[in-house]
Amino acid sequence: MWRRVASLSSFLSSYSTSFVAQTASRLNTWESLTTRIAQQANGFIAPKEKTPFITFVLGGPGSGKGTQCIKIVETFGFTHLSAGDLLRREIDSNSADGAMILNKIKEGKIVPSQLTVKLIQKGMESSDNDKFLIDGFPRTEENRVSFEQIIGIEPNVVLFFDCPEEEMVKRLLNRNQGRVDDNLETIKTRLKVFEALSLPVINYYSQRGKLYTIRARGTEDEIFEQVRPIFTAFEACHRAVE
Ligand SMILES: Nc1ncnc2c1ncn2[C@@H]1O[C@H](COP(=O)(O)OP(=O)(O)OP(=O)(O)O)[C@@H](O)[C@H]1O
Ligand SMILES: Nc1ccn([C@H]2C[C@H](O)[C@@H](COP(=O)(O)O)O2)c(=O)n1
Ligand SMILES: [Mg+2]
């Protein structure tokens, strides 16, 4: 369970995250990236207490977060926890909060943070994995602070799928998954909420050197080729200290 062990995270969270973040954005070649990480890792002693490796996956509605998470799971073995999927599951289970959640989602607004964080916490605790992709979260400063207070862990990596608005709208209107929020009226609200409430969270992580911005235009595979080196670098960094 994630409370017990996390092979990757203790080293990375305490030492190399900001290094990798800064280096990955500066270096062009994968080889030089891994070499530098290994050099930096030399002499480091990993602490015994371990915490999970957490990636927050952010981006506007329809920017391709869920699509890319599937590829990251397949390639790097993360457990994918989509905040939106967890909330939709809560609606389907007829829980006491179901009706309120449904209304928020229909309106394109944000569900109270405590509720979402508790669902994420349950998802993490019920997994044997120690690497999590938390998709569509934190969407607001309140989300972010609530996660820190309840879970008590900082993310190692924050991915931001940066996609032009007209492309996101086109994708959402073509999604065809029967989502109650895939209509033009709700999409307009979701875009406003993203700009007003989510962009400040993205800026927060940018200032802390944790943000990786992905240009989320092009084919799914082309976009994944921007994502791949980020996690490959972290894996190599982990191997370097084993
Ligand atoms: N690179 C791409 N090019 C074209 N269509 C894409 C691309 N990536 C994803 N899509 C499609 O766009 C739609 C939205 O993608 P996805 O569900 O992954 O977005 P999301 O960021 O998770 O959205 P939301 O925030 O609404 O959950 C889906 O129908 C998906 O198949
Ligand atoms: N942190 C979150 C994530 C999602 N929601 C609600 C509001 C979103 O519009 C909706 C769908 O999420 P998505 O599947 O697009 O990630 O779920 C929220 O309130 N808080
Ligand atoms: Mg999604």
Side-chain angles (χ1 to χ4, degrees), residues 54-74 80-92 97-121 123 132-148 150-151 155 158-202 213-227:
I54 292 181
T55 298
F56 285 156
V57 183
L58 305 179
S63 58
K65 301 180 293 296
T67 304
Q68 293 298 320
C69 280
I70 292 170
K71 291 177 177 291
I72 299 167
V73 167
E74 284 168 1
H80 178 204
L81 297 173
S82 153
D85 286 350
L86 292 169
L87 291 167
R88 282 183 284 273
R89 238 172 273 152
E90 199 64 6
I91 297 169
D92 293 343
D97 297 311
M100 180 274 291
I101 297 172
L102 178 59
N103 279 333
K104 291 282 186 200
I105 289 182
K106 271 185 183 165
E107 291 172 1
K109 300 207 172 132
I110 302 296
V111 172
S113 298
Q114 275 232 341
L115 211 158
T116 311
V117 174
K118 291 280 179 197
L119 294 175
I120 293 170
Q121 186 179 35
F132 295 96
L133 287 176
I134 304 187
D135 165 7
F137 184 96
R139 278 239 196 354
T140 63
E141 276 294 294
E142 191 204 61
N143 268 187
R144 182 184 70 71
V145 171
S146 188
F147 187 90
E148 269 178 26
I150 295 173
I151 312 283
V158 179
L159 295 183
F160 166 38
F161 289 93
D162 189 11
C163 191
E165 216 170 274
E166 70 273 13
E167 174 70 17
M168 296 196 279
V169 174
K170 195 172 81 186
R171 289 181 188 173
L172 292 174
L173 292 176
N174 286 323
R175 182 153 53 182
N176 273 332
Q177 289 175 3
R179 278 179 51 162
V180 294
D181 51 352
D182 279 350
N183 60 78
L184 199 51
E185 199 190 335
T186 310
I187 290 169
K188 280 183 187 165
T189 308
R190 294 167 71 200
L191 289 168
K192 282 187 190 147
V193 167
F194 173 71
E195 202 177 320
L197 303 180
S198 305
L199 281 181
V201 178
I202 289 163
T213 299
I214 309 294
R215 289 179 306 281
R217 225 177 187 174
T219 67
E220 294 174 13
D221 286 344
E222 282 166 354
I223 294 165
F224 186 64
E225 290 314 315
Q226 297 175 60
V227 173

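Counting starts at 1 for both ligands and their atoms, in listed order.
We find that R89 and D92 are not joined by a salt bridge, their nearest charged nitrogen and carboxylate oxygen being 4.0 Å or further apart. Salt bridge status for R217 with D162: absent, with no side-chain N to carboxylate O gap under 4.0 Å. K170 and E166 are not joined by a salt bridge, as no carboxylate oxygen comes within less than 4.0 angstrom of a charged side-chain nitrogen.
Judged by distance alone, the side chains of S113 and E142 do bring a donor and an acceptor atom under 3.5 Å apart. Side-chain contact annotation: S146 with N143, donor-acceptor N/O pair under 3.5 Å absent.
Closest protein heavy atom to atom 20 (N) of ligand 2: I110 CG2, 3.9 Å. Summary of contacts: the protein heavy atom closest to atom 3 (N) of ligand 1 is G218 O, 3.6 Å. In this structure, the protein non-hydrogen atom closest to atom 18 (C) of ligand 2 is L87 CD1, 3.6 Å. Shortest contact from atom 22 (O) of ligand 1 to any protein heavy atom: G66 N, 3.0 Å. Nearest protein neighbour of atom 20 (P) of ligand 1, counting heavy atoms only, is K65 N, 3.6 Å. Annotation: atom 28 (C) of ligand 1 to nearest protein heavy atom, R175 CD, 3.9 Å. Closest to atom 8 (N) of ligand 1, if we only count protein heavy atoms, is E220 CG, 3.7 Å. The nearest heavy-atom contact from the protein to atom 4 (C) of ligand 1 is R171 NE, 3.8 Å. When hydrogens are left out, the protein atom nearest atom 9 (C) of ligand 1 is T67 OG1, 3.3 Å; that is the closest non-hydrogen contact. What sits closest to atom 19 (O) of ligand 1 on the protein, heavy atoms only, is G64 N, 3.3 Å.
Here the straight-line distance linking atom CG of D97 with atom CG of L102 works out to 12.5 Å at 0.5 Å rounding. Of the inter-residue distances, the one linking L133 atom CG with Q68 atom CD reads 11.0 Å to the nearest 0.5 angstrom. We find the CZ-NZ distance between R139 and K109 to be 15.0 Å, quoted to the nearest 0.5 Å.
The shell of residues lying under 4.0 angstrom from ligand 1, judged by heavy atoms, excludes C69. Contact analysis puts R190 in contact with ligand 2, with a non-hydrogen atom separation below 4.0 angstrom. Taking a 4.0 Å cut-off on heavy atoms, G62 registers as neighbouring ligand 1. In this structure, G136 falls outside the shell of residues with a heavy atom less than 4.0 angstrom from ligand 1.
When heavy-atom distances to ligand 2 are checked against a 4.0 Å cut-off, R179 comes that close only through its side chain, counted from C-beta outward. Looking at R179 against ligand 1, only its side chain comes within 4.0 Å, counting heavy atoms. Neither the backbone nor the side chain of D135 comes within 4.0 Å of ligand 2, counting heavy atoms alone. Residue-level proximity to ligand 2 for V193 is absent, since no heavy atom of it falls below 4.0 angstrom. Within the 4.0 Å heavy-atom criterion, the part of I223 lying near ligand 1 is the side chain and not the backbone.
Listed by number with element, the atoms of ligand 2 under 4.0 Å from a non-hydrogen atom of D181 are 11 (C). Within ligand 2, the atoms closer than 4.0 Å to a non-hydrogen atom of I105 are 6 (C), 10 (C), 17 (O), numbered from 1 in the order shown. Within ligand 2, the atoms closer than 4.0 Å to a non-hydrogen atom of K109 are 7 (C), 19 (O), numbered from 1 in the order shown. Shown in contact with G136 at under 4.0 Å from a heavy atom are these atoms of ligand 2, numbered in order with element: 1 (N), 2 (C), 3 (C). Of all atoms in ligand 2, numbered sequentially from 1 with element shown, those under 4.0 Å from a heavy atom of R88 are 11 (C), 14 (O). Per-residue contacts place P61 under 4.0 angstrom from the following atoms of ligand 1 (heavy atoms of the residue considered): 25 (O). Against a heavy-atom cut-off of under 4.0 Å, F137 is close to the following atoms of ligand 2: 1 (N).
Distance alone, capped at 3.5 Å, places no donor-acceptor pair between the E90 side chain and the I101 backbone. In this structure, the side chain of K71 does not engage the main chain of I223 through any donor-acceptor pair within 3.5 Å.
More than 12 heavy atoms of other shown residues, nucleotides or ligands fall within 6.0 angstrom of atom CD in E141.
Across E195 and L199, no two heavy atoms sit closer than the pair O-CB, 3.5 Å. For the residue pair T140 and V201, the shortest heavy atom distance occurs at C-CG2, 3.3 Å. Of all non-hydrogen atoms in S63 and F161, the two that sit nearest each other are CB-O, 3.6 Å. When all heavy atoms are compared, the tightest approach of P138 to L58 is O-CD2, 3.5 Å. Looking at every heavy atom in both residues, D135 comes nearest to G66 through OD2-CA, 3.6 Å. Nearest heavy atoms, M100 versus L115: CE-CD1, 3.6 Å.
Using a 30° and 60° split on the angle between ring planes, F137 and F147 fall in the tilted class, from 30° to 60°.
Distances between N or O atoms of D85 and those of ligand 2 include no value under 3.5 Å. Of the polar atoms of V111, at least one N or O is found under 3.5 Å from an N or O of ligand 2, judged by distance alone. Between R139 and ligand 2, a contact under 3.5 Å exists for at least one N or O pair. The shortest N or O to N or O distance between L172 and ligand 1 is not below 3.5 Å. Of the N or O atoms in K65, none lie within a sub-3.5 Å distance of an N or O in ligand 2. At under 3.5 Å, not a single nitrogen or oxygen of N174, backbone or side chain, sits near a nitrogen or oxygen of ligand 1.
Scanning R190, R217, R139 for the heavy atom closest to atom 26 (O) of ligand 1 points to R190.
Among the candidates E165, R175, R190, the single residue satisfying the side-chain contact (heavy atoms from CB on, under 4.5 Å) test with P61 is R190.
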